[in-house]
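To keep things clear, I will list the structure first and then write my remarks on it.
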Amino acid sequence: MNTTTPNILELMDVSLSFHAGKKSFDHGRHHVLQDVSMQLYEGETLGIVGRNGVGKTTLLRVLAGILAPTKGRVTMARGKSASLLTLGLGFKPDLPGRDNALLSAMLQGSSRKQALSFLDGIKEFSELGDSFYEPVKNYSAGMRSRLAFTTALMTHVDVLLIDEILSVGDAHFRGKALAAMEARITGEQTVVFVSHMADQVEKLCDRVIWLDNGNIVAAGDSKEVTSAYTESVARARRGKIKT
Amino acid sequence: MSLLQYAHLIDIMARMNLRADATRFFLGYIWWVLEPLLWVGVFYFVFVTIMASREADFLMFLATGKLVFVWFSKSVTAASNSIIGGKGLVGKIDVPKSLFPMAIVQEGIYKQAAVFVTLVGILFINGYAVTATWWYLVPLLIVNYVVIVACAFVGACLVCLARDFLQLISLGMIFLMFTSGIFWDVRSLDAEKAKLVLDYNPIAFLIDAYRQIMMHATAPDMLHLAIIGAAFGALLCAMVLLMRHRSQYLALRALTA
């Protein structure tokens with residue numbers, strides 16, 4: 001992706017910290033992101049890699065406008081919207097899959113009419129059959145994630161933010177989910193894709209950012225950054241085994 | 001999010017909460033009517049059977065007061081916990097935070113409709129008639145709704161700032177229950193004290209207004225009602241603006257508090 005493509009979203013020196021309690025971190029302040037600057041270009045797929053707990057989800061929440069930075073600036077191109085692709089949004093186990101899919105689609109911005117029109121497609125893609133009308137509490141974990149993934153797939157936004165979701169269902173459904181996701185990603189859709197699985201990121205993304213302790217350690221070509229990240233993870237693991 | 005979409009979401013969230021609730025209980029939706037009837041049954045047992053109540057219509061007096069108060073207290077208490085309770089959703093999507101308390105208040109409206117029907121039924125059985133004065137219930141119900149929504153928003157925001165407020169809110173509800181003339185008649189106090197209670201406790205005024213309309217076919221003090229409506233309406237608008245401008249801060253507090 002070249003830099004002549006217009007910016008759709010930009011972060012300038014973004015920091016986010018919060019008061020986490022009296023005895024934790026530095027006098028109760030928890031710094032999740034520190035001076036993070038990044039650009040997102042229209043139509044690209046940007047990957048974010050990093051271990052658990054380094055601020056990936058918080059960064060996505062800032063990009064989605066769920067959280068505001070404590071310091072710095074987030075600029076979204078005029079008239080554009082970003083949304084987190086979320087599994088099982090607001091699921092209520094006592095209610096049927098159909099009702100949950102309807103609520104989830106509406107929470108993601110669809111009108112009631114649109115959400116109702118999605119239901120047949122959701123039922124078909126999720127391969128739930130008549131279970132679609134049964135309470136979600138009777139579903140197996142796999143069935144639940146199939147419903148959740150399919151509902152989430154219906155979101156239509158300018159920037160799609162995806163947080164570790166491609167490990168859903170059984171092997172058959174996972175293949176289908178990955179193909180559906182790839183179709184979205186390789187199209188005109190702008191995507192930010194977060195994962196700690198480097199191979200998935202390398203395969204799907206044009207550019208990658210490596211996040212560690214709330215800072216950007218490296219950014220650029222997906223192959224270079226993911227291999228540097230994989231090496232560092234392997235080094236850390238070797239170090240741990242030695243000690 | 002358009003206003004229509006917002007309204008649809010509130011409605012669908014409320015209905016789904018109710019449906020989920022109903023599936024959990026063997027008696028399901030019957031509880032909507034059964035619960036207020038049991039309340040009245042308890043009052044009957046305590047005040048009429050055991051304490052051999054002083055007034056013939058004391059049971060009606062109690063039922064009206066208590067059932068109106070329960071609408072307020074249950075809605076506000078549940079709504080206060082709603083943003084924190086919905087933090088799974090708050091962390092995943094940037095929706096207006098007012099959606100959470102509003103869905104709870106809406107749920108309360110559906111339940112209260114059944115309660116009011118029950119109450120009117122009980123009044124009928126006891127020989128009270130519907131009169132033209134009952135039209136005053138329309139503005140009264142609207143003002144009551146505005147008071148509930150405004151308090152629900154304040155409670156939900158306070159609990160986001162510190163969960164300790166939940167304790168204070170439930171204590172406040174007990175305080176209000178005893179000071180709003182549910183078990184005793186504001187009008188039996190001497191004039192000065194009655195004025196003090198009605199002037200400074202809007203819940204006491206609202207409860208008294210329901211009794212005046214439904215039991216005594218008397219119009220409530222409409223100026224007083226309008227003042228309460230305007231004051232809480234202004235508070236509601238201020239809270240809507242606050243929640244809109246501080247939406248991300250509320251999300252951070254709900255996720256990290």
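The chains referred to below are lettered A, B, ... by the order of the sequence lines, with proteins before strands, and numbering in each begins at 1. Computed from a predicted structure; not experimentally measured.
- The local environment of OH in B:Tyr210 is crowded, with over 12 non-hydrogen atoms from other residues, nucleotides or ligands closer than 6.0 Å.
- The CG atom of B:Leu4 lies 11.0 Å from the NZ atom of A:Lys113; values are rounded to the nearest 0.5 Å.
- Within residues 244-254 of chain B, the residues that have a heavy atom under 4.5 Å from a heavy atom of chain A are B:Gln248, B:Ala251, B:Leu252, listed by number.
- Atom CZ of B:Phe45 is surrounded by 12 or fewer heavy atoms from other residues, nucleotides or ligands within 6.0 Å.
- At a 4.5 Å heavy-atom cutoff, the contact between A:Ala68 and chain B is made by backbone and side-chain atoms alike.
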| request: Give the intermediate values and the outcome of side-chain contact (heavy atoms from CB on, under 4.5 Å) for residues B:Asp11 and A:Arg112. | output: CA-CA 11 Å; B:Asp11 181 59; A:Arg112 188 163 61 181; 4.1 Å; yes

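- Contacts of residues 103-121 of chain B with chain A at a heavy-atom distance below 4.5 Å are absent; not one residue qualifies.
- Of the residues considered (B:Leu99, B:Asn17, B:Asp21), B:Asn17 shows the highest number of contacts with chain A, using heavy-atom pairs under 4.5 Å.
- Interatomic distance, OG of A:Ser111 versus CG of B:Leu9, reported as 10.5 Å (0.5 Å rounding).
- Of the atoms belonging to A:Ser110, it is backbone heavy atoms, and not side-chain ones, that fall under 4.5 Å from chain B.
- For a residue to count as touching a neighbouring chain, one of its non-hydrogen atoms must lie under 4.5 Å from one of that chain's; by this rule A:Leu16 touches chain B with the side chain only.
- For a residue to count as touching a neighbouring chain, one of its non-hydrogen atoms must lie under 4.5 Å from one of that chain's; by this rule B:Arg19 touches chain A with backbone and side chain alike.
- The two residues B:Gln5 and A:Met106 come nearest to each other via the heavy atoms NE2-O, 4.4 Å.
- When side chains are defined from C-beta on, A:Leu107 does not count as touching B:Lys92, because their heavy atoms never get closer than 4.5 Å.
- Heavy-atom distances place the side chain of B:Leu255, and not its backbone, under 4.5 Å from chain A.
- Ranking B:Ala22, B:Ala20, B:Ser2 against chain A, the residue ahead of the rest is B:Ala20, based on heavy-atom pairs under 4.5 Å.
- Contacts of A:Leu67 with chain B are made by both backbone and side-chain atoms, with heavy-atom separations under 4.5 Å.
- Going from atom CG of A:Leu95 over to atom CE of B:Met16 covers 6.5 Å, rounded to the nearest 0.5 Å.
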